[in-house]
Amino acid sequence: DLGPSFVKLGQIMSTRPDLIPEDILVELKKLQDDVAPEPFDAIREQVERELGCPLSDFYESFDEAPLASASIAQVHRARLRNDDGSIDVVVKVQRPQVQALMARDVDLLYWLAKAIVRSMPESHLYRPVSLVEEFDRSVSAELDFALEADNHERFTANFENNPHAKFPKVYRRASAKRVLTLEYLEGRKVDAAQRAGVSGELMAKRAVEIIIQQIFEDGFFHADPHPGNIIILGGNDDPVIGMVDVGMVGRLMPKMRDRTIDLMFAAVREDYAGIADALYAIGRPAHKIDRDAYDAEVAVLAQRYLGKRLKDIEIGALTRDLVMGSRKFGVEIPSEFLMLGKSLMTVEGVGKELYPELDLLEEVRPYFIELFQKRYSPERMTEDAFRGLLRVGAAASEMPLQLEEILDDLRKGAFSVRTQQTQLESAADRLGRRAFSGLVVGSLIIAGAILLSQESYWLGGIILGAGALYA
């Protein structure tokens, strides 16, 4: 009832096991945004405004009833005109007012986040403003269908040599920022395909193969590969995994990808010290930590999960516990790694539905060994060494100029050294309070003693008692 912005916010928050308790995460993952469709006249007007011509100029036919209707967009089946006649397509059309509605809601969320930070200083640990910024970026990307078209084409290029994966073709001439025309994939939903006789084991293993390639080889992955975004193509003996709705994607830079591979390879080998090292390298330590205690914590958490079959392993719980354990020691885990964890959790759910006996770690073991060998191959190490030499050379060429600037500052008297002692102010404050307390107590004792010597026993006793209490 809160509208599309808050549904999307809930869906994004479901990717943050470091912040959200498990019972709430489970409910957030159930969030759906099916809503009543827009009137067809509004959809026609939106398409014609975006494409700059009447609907009939591009489409031979256009179904008025949508195939699916969500809070941001709805999807219609159509026939796209081309030189050879017409072809089956689906057209994703953004709701006319959704962008203004989202912008209003995001402004409200920024205001709420800043108000929380002002009124609850301890909330900075959860970085509410950063969470809203992450949400803003995600929503902005989803509202730009041109970016989604780019995602489709990138996935298609990455999997052009993989016969087990299919992404719909983008028809750019009939697409714009708020309209996206895609190839129609004739297939079945996952549960329907399984009922029709397609092997659940084969579908599960191919889905794992696809997501592993996306994450660890390409560094570009579908951030929400739930069963509703998967279409099973092909025959019962050789199913092809079709993936749609790629507006929300995750990216891993090469360095983060290498560190994540180290983590997964350590998990496959049940190397707890290796898991701790890789997780520490992935994170951003906020301060110096006790590595022995940190390593012991990670080992205890990992031992709860590894060495079991998929039906006994909860990847979501493992990810959450490792992230929370790191956070307890002041190691912040980047959002891209958390999004990766969410994708793996989703694949875990699909795998359990299709083939409960699937052992995920056993399936990915050969793949990670191959990736590890590629990473430390002579070619890769030579390339890394050459890149390092280039950086050293660049630094060496810049050093004389930097030294010249320092010497010039020294000659002009403009060179200064600044130090910062973060504990100095609080230590001085404590020292001042203690000195003041000592003066007060000493004065009360002296005054009490004087009064007692003058035989003012009642008043002197009260003052001495007050001095004793203050001390």
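What you are looking at is a predicted structure, and each value in this text was computed from that prediction instead of being measured.
Separating the CD1 atom in I232 from the CG atom in D191 is a distance of 10.0 Å, to the nearest 0.5 Å. Taking NZ of K255 as the reference point, atom CZ of R257 lies at 13.5 Å (rounded to 0.5 Å). Considering CE of M102 and CG of D105, their distance stands at 7.5 Å, rounded to 0.5 Å. Rounding to the nearest 0.5 Å places CD1 of I210 at 11.0 Å from CZ of F155. With rounding to the nearest 0.5 Å, the separation of CD1 in I231 from CZ in R188 is 12.0 Å. To the nearest 0.5 Å, atoms CE (M243) and CD1 (I211) are separated by 5.5 Å.
What you find for R284 and P334 is that their closest heavy atoms are NH2-CB, 3.6 Å. The two residues G325 and L301 make their nearest non-hydrogen contact at CA-CD1, 4.1 Å. Heavy-atom minimum distance, A176 versus F145: O-CB, 3.7 Å. Nearest heavy-atom pair, A276 versus D295, reported as atom, atom and distance to 0.1 Å: CB-OD1, 3.4 Å. In terms of heavy-atom proximity, P37 sits nearest to S69 at CA-OG, 3.3 Å. Taking every heavy atom of both residues into account, F221 and R251 meet most closely at CE2-N, 3.8 Å.
Using modelled atom types, one side-chain atom of Q74 and one backbone atom of E38 make a donor-acceptor pair closer than 3.5 Å. Side chain of D144 to backbone of A146: a donor-acceptor contact under 3.5 angstrom is found. Put simply, the side chain of H222 gets close to the backbone of V244: a donor and an acceptor are under 3.5 Å apart. Judged by distance alone, the side chain of Q46 and the main-chain N or O of Q94 form a donor-acceptor pair under 3.5 Å. For the pair E183 (side chain) and K169 (backbone), a donor-acceptor distance under 3.5 Å is present. Looking only at distances, a side-chain donor or acceptor of Q213 sits under 3.5 Å from a matching main-chain atom of N158. For N151 (side chain) and V246 (main-chain N/O), a donor-acceptor pair under 3.5 Å exists by modelled atom type. Looking at E48, its side chain does come within 3.5 Å of a backbone N or O of L55 through a donor-acceptor pair. Under a 3.5 Å cut-off, the side chain of N229 and the backbone N or O of D224 do form a donor-acceptor pair. Although no hydrogens or angles enter the test, the distance criterion places a donor-acceptor pair under 3.5 Å between the side chain of Q194 and the main chain of L354.
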Working for side-chain contact (heavy atoms from CB on, under 4.5 Å), residues V91 and V75: CA-CA 5 Å; V91 185; V75 178; over 6 Å; no
Working for side-chain contact (heavy atoms from CB on, under 4.5 Å), residues V89 and R79: CA-CA 6 Å; V89 295; R79 297 278 303 177; over 6 Å; no
Worked check of salt bridge (charged side-chain N to carboxylate O under 4.0 Å, His left out) between R154 and D218: CA-CA 10 Å; R154 183 168 176 180; D218 303 329; over 6 Å; no
side-chain contact (heavy atoms from CB on, under 4.5 Å) evaluation trace for M256 with I282: CA-CA 7 Å; M256 179 63 73; I282 287 170; 3.8 Å; yes
Stepwise side-chain contact (heavy atoms from CB on, under 4.5 Å) test for F58 and R173: CA-CA 9 Å; F58 276 102; R173 63 186 179 86; 3.9 Å; yes
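L233 has its side chain within reach of L185: a pair of non-hydrogen atoms, C-beta onward, lies under 4.5 Å apart. Counting heavy atoms from C-beta outward, D245 and K92 have side chains that approach closer than 4.5 Å. Side-chain contact between Q214 and F159: present, with at least one pair of heavy atoms (C-beta onward) separated by less than 4.5 Å. T260 is listed as a side-chain neighbour of F216, based on a closest heavy-atom distance under 4.5 Å. A heavy-atom distance below 4.5 Å is not found between the side chains of E153 and F167.
Not a single side chain to side chain donor-acceptor pair (under 3.5 Å) links Y171 to another residue, sequence neighbours left out. Here D107 pairs with nothing under the side chain to side chain contact (heavy atoms under 4.5 Å, CB included) rule; sequence neighbours left out.
Under the 4.0 Å criterion applied to side-chain N and carboxylate O atoms, D277 and R259 are not assigned as salt-bridge partners. Looking at K205 and E209, no side-chain N of the basic residue comes within less than 4.0 Å of a carboxylate O on the acidic one, giving no salt bridge.
Between Y280 and Y294, the two ring planes are perpendicular [angle over 60°; tilted spans 30° to 60°].
Applying the ring pair (Phe, Tyr, Trp, His ring centres under 6.0 Å) test to every pair with at least one member in residues 60-79, sequence neighbours left out, gives these pairs: F40-F62, Y59-F62, F62-H76.
Around the NZ atom of K189, the shell of radius 6.0 Å holds more than 12 heavy atoms that belong to other residues, nucleotides or ligands.
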